[in-house]
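Right, one structure below, let's go through it.
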Amino acid sequence: MTISVSMTVNGKAASGNVEARTLLVQFLREHMGLTGTHVGCDTSQCGACVVDVDGASAKSCTILAVQAEGAKVTTIEGLAESAEKLHPMQEAFREHHGLQCGFCTPGMVMSAIDLVKRNNYQVTEDIVRHGLEGNICRCTGYHNIVKAIVAGAASMKAAGV
Amino acid sequence: MYDFAYHKPKSVADAAAAVKKASDGKLMSGGMTLIPTLKQRLAHPSDVVDLAGVSDLVGIKVDATGVTIGAMTKHADVASSADVARAIPALAALAGGIGDRQVRNRGTIGGSVANNDPAADYPAALVALGATVTTNERKIAAEDFFKGMFETALKDGEIVTSVSFPTATKAAYMKFPNPASRYAMVGVFVAQTASGPRVAVTGAGPAVFRVKAMEEALAKSWSADAVANVKVPAEGLNSDIHASAEYRAHLVTVMAKRAVAAAG
């Protein structure tokens, strides 16, 4: 069954004809060419595919594109102000070396921003470690990711984003 | 995933009609179980009927007698509801411990109870608190609702519209989550209800069950020590790569002790 879908992706109108079974992550990667959102486990456990859907983080490998009809979707590509100026959370991951291979990083950053906003920009190491339950990293051991998110929260607050 | 026809009705009546009309229709709420099931080709429905367009299934009502949660209300919204936290704090805490944040942002109470995964958290709360499941056709007591592994009293095309929980004087839920999936290997919900103490166990067996021996012990003395020596038999419990039936039986007592202690 082919269905026409329309949504807002990173502030711009996006539409296309998809099969009912098309996943949101497939729509983003294959129809929109936004390959920053990764598919890791494909079983909704690893969090590499996390995007923001209408203000809440979600695993785009476990959402149909048609379920996002009319939604506002933000992906990792929609965070930075410009090629020169990263989002404060992206900058914090760079500064604190919160990645090694980088595969999980887009999902980590998207989950981190949701976590920080939900906690009113006040996060502790404990809140971050529990808040990242849905994101798996196979290289860093999480230590630097947690440091980056705690620092990123302060930068986000200071920058008012 | 096999392809299917997709429907997004605006009312419960239209949703029920769409499912009945389909040769093999499936209802979808948050999709947190259905979509992974479809991806693995474990199901091949002709039609998927998405309940996300039925806005009157969303919402939380709290009054002096209890909490009523619309079927399409997300776990994250139950977890963060100040009203639920005041009326039945154990219920808000349970919702906040389901899956991970991203699952809680999509998964719903109606989907969870209709699916009746043996390791789902909500069934324990429904049975321990003596909740009532309301559908588009009738009201069903929680104990009559959960029938077996992934089996409920729901008939084809019957749709859960809300779940009503009476308040309890004391209640708590403790689970031993699988470290990877966060599903309950064993979860125990204890409640001091108007009809006495109730203990409901999820994750351990094919479906949620009560432990009458623990309830009797708690009726005599509400304390963690009262349940410490009550063992449940391993026979009939789930055994898999995560835990043997014997280990799950052991965990039931441990989680019950912790839950009673947490309930105060």
Side-chain angles (χ1 to χ4, degrees), chain A residues 1-5 18-26 39 41-71 107-108 110-120 127-136 138, chain B residues 1-10 22 25-26 28-53 55 58 72 74-77 79-80 93 96-108 111 177-183:
Chain A
M1 180 180 182
T2 303
I3 304 172
S4 150
V5 290
V18 298
E19 287 184 305
R21 63 177 168 176
T22 304
L23 298 168
L24 178 60
V25 71
Q26 291 173 308
V39 178
C41 68
D42 204 20
T43 56
S44 43
Q45 299 193 52
C46 83
C49 67
V50 170
V51 299
D52 185 289
V53 179
D54 287 333
S57 60
K59 291 180 171 173
S60 62
C61 81
T62 313
I63 303 174
L64 302 172
V66 289
Q67 287 179 283
E69 169 68 30
M108 285 285 178
M110 297 309 294
S111 289
I113 292 169
D114 185 36
L115 176 73
V116 167
K117 286 183 176 170
R118 267 187 293 111
N119 286 284
N120 204 20
I127 289 172
V128 173
R129 286 191 184 272
H130 283 290
L132 286 184
E133 277 176 344
N135 292 78
I136 294 172
R138 295 291 75 170
Chain B
M1 196 185 315
Y2 298 109
D3 204 20
F4 47 81
Y6 174 82
H7 310 268
K8 195 174 177 183
K10 293 216 172 346
K26 223 27 177 154
M28 176 166 71
S29 44
M32 292 294 97
T33 299
L34 181 62
I35 294 173
T37 306
L38 295 176
K39 284 164 76 171
Q40 293 180 70
R41 295 192 168 181
L42 294 172
H44 188 179
S46 61
D47 297 65
V48 170
V49 180
D50 186 352
L51 293 169
S55 54
V58 179
M72 286 296 286
K74 296 179 169 79
H75 307 322
D77 295 326
S80 66
I98 297 173
D100 55 48
R101 178 72 204 187
Q102 289 73 34
V103 167
R104 295 192 291 275
N105 281 343
R106 306 283 306 174
T108 68
N178 178 294
S181 72
R182 303 281 159 199
Y183 270 107

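Keep in mind that the numbers below use all heavy atoms, side chains included, and drop hydrogens, waters and symmetry copies. Below, chain A is the first sequence line, B the second, and so on; all start at residue 1.
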Report task. Would you check if the side chain of B:Q40 reaches a backbone N or O of B:T37 as a donor-acceptor pair within less than 3.5 Å? Result -> no
Query raised in the report: Sub-3.5 Å donor-acceptor pair from the side chain of B:K39 to the main-chain atoms of A:C61, do we have one?
Result: yes
Query raised in the report: Who among B:K8, B:M28, B:K74 has the most heavy-atom pairs with chain A under 4.5 Å?
Result: B:M28
Query - Contact leader toward chain A among B:L38, B:I35, B:V48, where contacts are heavy-atom pairs under 4.5 Å - result: B:I35
Which atoms of [X] are under 4.5 Å from chain B, going by heavy atoms: the side chain, the backbone, both sets, or neither?
{"X": "A:N135", "answer": "side chain"}
{"X": "A:L115", "answer": "neither"}
{"X": "A:V50", "answer": "side chain"}

Query raised in the report: Given the options A:Q45, A:H130, A:R118, which has more heavy-atom pairs under 4.5 Å with chain B than any of the others?
Result: A:R118
Query raised in the report: chain B: which of A:I136, A:T43, A:T22, A:L23 shares the most heavy-atom pairs with it under 4.5 Å?
Result: A:L23
Query - Nearest heavy atoms of A:N119 and A:I127, plus distance in Å - result: ND2-CG2, 3.7 Å
**Report entry** Shortest non-hydrogen contact between B:M72 and B:S29, atoms and distance
**Finding:** SD-CB, 3.3 Å
Query raised in the report: Contact part of B:A52 toward chain A, heavy-atom cut-off under 4.5 Å: side chain, backbone, both or neither?
Result: neither
Query raised in the report: Where does B:D3 contact chain A at under 4.5 Å (heavy atoms): side chain, backbone, both or neither?
Result: both
Requested in this report: Return yes if a side-chain donor-acceptor contact under 3.5 Å exists between B:H7 and B:D47, otherwise no.
Outcome: yes
Query raised in the report: Do the side-chain N and O atoms of B:Q102 and A:S111 include a donor-acceptor pair separated by under 3.5 angstrom?
Result: yes
**Report entry** Derivation of the salt bridge (Lys or Arg N to Asp or Glu O under 4.0 Å) call for B:D77 and B:R104
**Finding:** CA-CA 8 Å; B:D77 295 326; B:R104 295 192 291 275; over 6 Å; no
